[in-house]
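See below for the structure under consideration.
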Protein chains: 2
Amino acid sequence: MVELAILGFLGERPLHGYELKRRVAHLTGHVRPIADGTLYPAIKRLEKAGWLSRRTEPGSRAAPRHVLSLTEAGRDELRRRLRDAGGVQISDENHWFTVLAFLRQLDDPAQQAAVLRRRRDFLREPSSFFYEGERPLAAEEFEDPFRQGILTIARATSRAEMRWLHATLKALDPQGPR
Amino acid sequence: MVELAILGFLGERPLHGYELKRRVAHLTGHVRPIADGTLYPAIKRLEKAGWLSRRTEPGSRAAPRHVLSLTEAGRDELRRRLRDAGGVQISDENHWFTVLAFLRQLDDPAQQAAVLRRRRDFLREPSSFFYEGERPLAAEEFEDPFRQGILTIARATSRAEMRWLHATLKALDPQGPR
DNA sequence: CCGCTATACCTCGCCTGCGAGGTATGGTCC
DNA sequence: GGACCATACCTCGCAGGCGAGGTATAGCGG
């Protein structure tokens, strides 16, 4: 997930590690700082794979900065990861948001739509949090206010996302598949 | 997170591993299967700590089952974890939902309210996904439909949760702190 | 009664991310 | 000009979770 975020942000413009850290932290919505021990090894991995290059600059008001930029191979990799997004990337909200944040860089609208459709199909699957044997329980059915909260919140999210997905899919391929 | 889920479900009733697996999978909302390699080692850890005990039963229509139940120490641990929920448990939606799912078992309403208040305070913190320098960008401000999606979905979720939090907090301690 | 399938449990190695530690440099304040 | 702080980068060990593999058992179809 961090790797995708790094590739994505660098796909927009070259950045040094520290600035990258700030942006990735904000990416999760409510600021959730990303640990140095996560960011820098990830940068190393990507660099080793030839997806980004660094150029050292004198620090503006501190230690020298390593300005990172995406190589051509890196841009290909970014597009590949966006196009092939699946599994956790589709089902986990944090991962999914990361994909969404950079999906614009996958410049073929048909491919963008395909990714959105995968998410839509995933959300469509009937789902519930709690069961009584086989039967799913609705929010109103149990007296536990906290579980009611879970269901109401999840429902609100799901609705908002579905509405947005439909509208965006329509805009992307007006007479596309399904 | 898995450990809390195990403690929580076993706090409701004794279960064997396989059934536990089913319930934990549903806990995330849209069925996200939990790997065996996650569940069973977690059970082992909890058992080793003395928080749950097992009793072997002949399998109903397959291999023998290990029915797990919470020990007294396990129940204490569950309550401790719920009461002290913080950090990732508050800030990450997946973790937070796990806490919520079992918060009822923390039987002191004042303590329940304290946990909810921590989440509320976290959600209150001003937050945004994308910045232009220092200034946060609103959904309407950029033309990227995917980032617009992120913001609109996040906003809908946040609103629904805030509404629920306020209502529930009021019900929990009508004249409580703040 | 043989093989298949579903149930049920377990282990191992890997990958990702975290936290705690460390280094270095430029600017500011006294 | 020395102390201090913010910036900037890095490493190490750890923990949680995953996936692929393996074992075993009960029931069912042919």
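Order of the sequence lines fixes the chain letters, A, B, ..., with proteins taken first and strands second; residue numbering starts at 1 for each chain. Just so you know, these numbers come straight off a predicted model, no measurement behind them.
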Can you tell me how far [atom2] of [N] sits from [atom1] of [X], to the nearest Å?
X	N	atom1	atom2	answer
A/Y40	C/dG21	OH	P	19 Å
A/K44	D/dT11	NZ	C1'	9 Å
A/I34	C/dA20	CD1	P	16 Å
A/K21	D/dT7	NZ	C1'	10 Å
A/L39	D/dC10	CG	C1'	11 Å
A/H66	D/dT7	NE2	C1'	13 Å
B/I43	D/dG17	CD1	C1'	14 Å
B/L68	C/dC9	CG	P	7 Å

Quiz item: Using a cut-off of 4.0 Å on non-hydrogen atoms, how would the nucleic acid contact of A/G37 be classed: base, sugar-phosphate, or nothing?
Solution: base

Exercise. Select from A/V2 and B/E19 the residue whose nearest nucleotide in DNA chain C is closer to the 5' end of that strand.
Key: B/E19

Exercise. State yes or no: are the ring centers of B/F146 and A/F102 separated by less than 6.0 Å?
Key: no

Self-check item: Phosphate OP1/OP2 of D/dC18: any B/T38 side-chain N/O under 4.0 Å
Solution: yes

Quiz item: From A/M162 CE over to B/I153 CD1, what is the distance, rounded to the nearest 0.5 angstrom?
Solution: 10.5 Å

Quiz item: Can you get from B/Y40 to B/V67 by hopping between Ile, Leu, Val, Met, Phe, Trp and Tyr side chains that sit under 4.5 Å apart?
Solution: no

Quiz item: Have B/W96 and B/E161 got a donor and an acceptor in their side chains that come within less than 3.5 Å?
Solution: yes

Exercise. Consider the side chain of A/R54, meaning its heavy atoms from C-beta on, and name the nucleotide among C/dT16, D/dC9, D/dG17 that approaches it most closely.
Key: D/dC9

Exercise. From the options C/dC10, C/dG17, D/dG17, select the nucleotide whose nearest atom is closest to the side chain of A/R45.
Key: C/dG17

